Each structure stands twice: as structure tokens, then as C-alpha cells.
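Keep in mind it's a predicted model, so treat the numbers as computed, not measured. Along the sequence shown, the residues carry numbers beginning at 1.
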Amino acid sequence: ALWQPRRDRVWSAGSGLCLVEVAGLLGNRGGAGPRENLQALQQLARFAQQEKIRMAAVLDCRPLREVGEGDEYSGVSVYFTNREKPPAQRLQELATGPLRREVRLAFTDDAHVAARIASSDCLVMRVATLRKAMEFGEGGGRERENGSGPRRRNRPPRGARPPAPPAAS
């Protein structure tokens, strides 16, 4: 499994918290509405339960009706940032401040924030790594029955190629 080897090295029983910048999961740098943030949070919660990982998420929106600042949503602690402060900065504040002793792995795409967090004895990975692991966990990256991987999904079988045109001499 894509996530399994990393989890074996990073996670052990009660080893720590995984901190995620949700804006990166959404593929944007802000501007996502409450509905999109809630859907991403639901996906993250399913993944955390499936992989038995403690997670905290930083959302780039106002507090949601379903969950408030610092509350838990399906086992994921949720923190919010306002529009004046980027989500990566809020992630850094949490990783180096109140959650410093708990955070063992942080997911962000901001290189400066990643360097600052890494200096506080915390592993840092890109959000795309988590996104790929989540897609794999939902069946998006698994091998198909005929043995071809996900990249060959839309390609015709090799034997079905049309014959090559005769070479001109």
C-alpha cells in the first residue's frame, strides 16, 4: 500500500498528530466555500479513521456550522484561519505553538513554512503526497483486475494497434 510503509516508519501507537493544510487538498490557495471545505474535511476524517491516524486540519474559511475552532469533526481536530492570514502560516503557528509536542508530521506546500516546521523536529511532506495516499485508499490507485495500472486505463491494448504504413524508399 502507498501509505503503509510511511505509516510504519512514522506512526506507532500514540506517536503523534498529523497536521494538514486543507487548502492544498482542495487544489487551490483559498477561495473555497464552506461546502468544499466540509467535503474535504469529511474525506480527511474517513482517511484518518481508515488508517488509524490522529489528524488536525487547518481550513481556510470561517468556522463551520458543523464544527468550531479547536473542536473535533469525526475524530479530526479542526482549526480555522481568516482571509488575512494564509493557511500555511496558521499551520506553522499550531505546529510550533500549542500543538508543538503532539505534531509529528505536517502537510503543506509552502517551502518557507515547511523549513520552519522541520526545524522543530517534525517531518514535513507536500500535500500532494497525502492527496495521493487518500486517493489510493479510496481505490483510485489500485491495480485493475487485468493487471494494468491506473495509467493504462484509457489506452487500447497493445495488440490492437493499427498496422504501420509501408516505409517509403
Working for salt bridge (Lys or Arg N to Asp or Glu O under 4.0 Å), residues R35 and E66: CA-CA 11 Å; R35 180 179 297 153; E66 294 81 2; over 6 Å; no
Nearest heavy-atom contact between P87 and T81 is CA-CG2, 3.9 Å
Output yes when a side-chain donor or acceptor of Q42 lies under 3.5 Å from a complementary backbone atom of S74, and no otherwise. no
Side chains of M125 and L105: does their closest heavy-atom pair fall under 4.5 Å? yes
What's the separation between atom CD in E72 and atom CZ in R54, rounded to the nearest 0.5 Å? 8.5 Å
Mind checking the CZ-CG spacing from R126 to D110? Nearest 0.5 Å is all I need. 10.5 Å
Output the distance between atom OG1 (T108) and atom CG (L91), rounded to the nearest 0.5 Å. 5.5 Å
side-chain contact (heavy atoms from CB on, under 4.5 Å), that's the test. Do D71 and Y79 meet it? Break it down for me. CA-CA 8 Å; D71 293 343; Y79 300 91; over 6 Å; no
Residue pair I53 / C18: nearest heavy atoms and the distance that separates them: CG2-CB, 4.0 Å
Is there a side-chain contact (heavy atoms from CB on, under 4.5 Å) between L38 and Y73? Walk through the geometry before answering. CA-CA 10 Å; L38 183 60; Y73 180 85; 3.9 Å; yes
Donor-acceptor pair, distance only, cut-off 3.5 Å: does the side chain of D60 make one with the backbone of A23? no
Can you find a pair of side-chain heavy atoms, one from V20 and one from V58, that are under 4.5 Å apart? no
Could you check if a side-chain atom of L59 sits within less than 4.5 angstrom of a side-chain atom of L64, using non-hydrogen atoms only? yes
Restricting to non-hydrogen atoms, name the atom on G24 and the atom on V127 that form the minimum distance, rounded to 0.1 Å. C-CG1, 3.4 Å
Flag side-chain contact, heavy atom, 4.5 Å: P34 against R62: yes
Check: L44 and M55 side chains under 4.5 Å, non-hydrogen atoms: yes
Value for CD (Q92) from NE2 (H112), rounded to nearest 0.5 Å, stands at 11.0 Å
SG (C122) and CD1 (I117) are apart, to the nearest 0.5 Å, by 6.0 Å
Flag side-chain contact, heavy atom, 4.5 Å: R46 against M134: no
Below 4.5 Å, heavy atoms only, C-beta onward: do V22 and L41 meet side chain to side chain? no
Rounded to the nearest 0.5 Å, what separates atom CD in Q43 from atom CD in E135? 8.5 Å
Quick check against the 3.5 Å criterion: does R104 have a side-chain atom that pairs as donor or acceptor with the backbone of L123? no
Salt bridge check, E21 against R131: does any charged N sit closer than 4.0 Å to a carboxylate O? no
